[in-house]
Amino acid sequence: MGSLSQISVMDLDKATTTSVTKRSPSPQQMDTQDTMHSNTMMQLDSLPTELLLHILQFLEVRYITQVVSRVCTYFNTIAKDEATWKIRIAKRWPGQYPAIPPPQPFDWTMACIVREEESKLWANISSDTTSITCSNAHYSSVDCIKVMDRLVVSGSRDRGINIWNVDQVLEGNPKPCLKVPDAHKGWVWSFSASGPQPGGDLDLVSGSWDNTVKFWRMTSSELKETRKPVNLKVAVLATDIHETKVVAGTYDKKVILMDTREDVNKMTFFKCHTKPVLAVKITDRQIISLSEDKYLVVYDRAAGKRFKKVLIPGHSFPMSMSWYGNALHVGDKSGHLHLLDTTNDAFEIVQQYHTGHSGKITSIVHGLGSLMTASSDGDIRVFHPTRNLDLMATIKNPDCGEAAQISYNDHILAGAFSNNTVKIWARN
């Protein structure tokens, strides 16, 4: 076995305070010592599992799964055992995790990796991240932002869209690599994005107060429209995309479903709200919408009709949401979070939280390793993604104004602020 899997256990004679005459050991004594040494040699792969797990807790999970697991079959078996990481999570971060019991299968290995990395990152934000404030990113309030690969795209009330190359920003160049002035004829209010397309390009959908939804193909050097814009004849307040389907929420209380491949006349309209629609989410089976009327509405895509209507409690209307796994978090105007269990399409409110924000919750990002909230008070708060929602970090943003939206992907966090500012954090 290699050196990584071998340790020596040696007994050391107790030192005495009296002086002794040092003599070289005789050949017989040397033979005896060699025999004792060989008898006390131990292999790591012969240690009891409990002891080995105690040793491994001092190593990072990613290193264990990618490096240590290749040493021998014993280590590989431990690294592949989901119980290893489930127990490690429970010991290191007590509390119900995930906040809602997850559907099966659930990747406990990746969950442990992400929780460990994000806990370390946000606990040491000043030393483990680099933050760049891009002042005067636009000449008006920045209302929407999206992290896409190593690019950040921002939209503003100046009607323009800017693209930022994260690597260039970290090198000390806080200017956008591409500016598209007058991308819309009104305030750019909403972004949604799909995954990378063939060729590495990125698809972006934007919604605006000029009543249009636009479809873009994006690179670091180009932002090009891929089809004719859709004019909904009313301000577009929210958008989301799933595969080729795009959903929009409008000021006149409608939720509109369209296909990027079809003619603009082929759209489905849902009207189940009595006030403007502020947030939307689309999945392969459902569409979720939030409105100033204080209701969350679930639409069944297959049936083409409303499936469920949920009243969000409290005196304030809901403004933002994030759906991850079977946990749906909704943020409201008073700074509270509401947790809904979506298991088996229940959409039941199971817990409410006061986040500590003094303003409205404008944006939520929920993942395996954290839950983030942005607020009109200018702060971004990072929580453990447990049922207790314990606070990990509060990111203050003085002189940036209100935090209108945040986006987080692959350890890159970007914020859009009312003081014409874009702010980017990236792991060192």
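All values derive from a computational prediction rather than experimental measurement. Hydrogens, waters and symmetry mates are skipped; everything else that's a heavy atom, side chains included, is used.
The backbone N or O of Glu222 sits nowhere less than 3.5 Å from a side-chain atom of Arg217 that would complete a donor-acceptor pair. Using modelled atom types, one side-chain atom of Asn162 and one backbone atom of Ala137 make a donor-acceptor pair closer than 3.5 Å. Not a single donor-acceptor pair under 3.5 Å links the side chain of Ser69 to the backbone N or O of Ala79.
In this structure, Arg70 forms no cation-pi arrangement with Phe75, as its terminal cationic atom is not both closer than 6.0 Å to the ring centre and no more than 45° off the ring axis. Cation-pi geometry between Lys294 and Phe317 is not met at under 6.0 angstrom from the ring centre and within 45 degrees of the axis.
Atoms CG and CG, on Asp332 and Leu337 in that order, are 8.0 Å from each other to the nearest 0.5 Å.
Between the side chains of Asp210 and Thr212, at least one donor N or O sits under 3.5 Å from an acceptor N or O. At a cut-off of 3.5 Å, with distance as the only test, a side-chain donor of Ser289 or His273 sits close to an acceptor on the other residue. Judged by distance alone, the side chains of Trp164 and Ser154 do bring a donor and an acceptor atom under 3.5 Å apart. Side-chain contact check for Asn326 and Thr342: no donor-acceptor pair (N or O, by modelled atom type) lies under 3.5 Å. For the residue pair Arg115 / His384, a side-chain donor-acceptor distance below 3.5 Å is found, with atom types taken as modelled. For the residue pair Glu402/Thr362, the side-chain donor-acceptor check at 3.5 Å is not satisfied. A side-chain donor-acceptor contact under 3.5 Å links Ser206 and Trp216. Remark: the Ser140 side chain and the His138 side chain contain no N/O donor-acceptor pair separated by less than 3.5 Å. Residues Ser192 and Thr239 bring a donor and an acceptor atom of their side chains to less than 3.5 Å of each other. Between the side chains of Thr386 and Asn388, no donor-acceptor pair is found at a separation under 3.5 Å.
Crowding of Arg227 atom CZ: a count of heavy atoms from other residues, nucleotides or ligands under 6.0 Å exceeding 12. Within a 6.0 Å sphere centred on CG of Asp182, other residues, nucleotides and ligands contribute more than 12 heavy atoms. Within a 6.0 Å sphere centred on OH of Tyr74, heavy atoms belonging to other residues, nucleotides or ligands number more than 12.
For Phe383 and Trp122, the distance between ring centers is not under 6.0 angstrom. Taking the six-membered ring wherever Trp is involved, the centroid distance between the rings of Trp85 and Trp108 does not fall below 6.0 Å.
Aromatic ring pairs are classed by plane angle as parallel below 30°, tilted from 30° to 60° and perpendicular above 60°; the pair His329 and His366 is perpendicular. Note: His54 and Phe58 have perpendicular aromatic rings, judged against thresholds of 30 and 60 degrees for the angle between ring planes.
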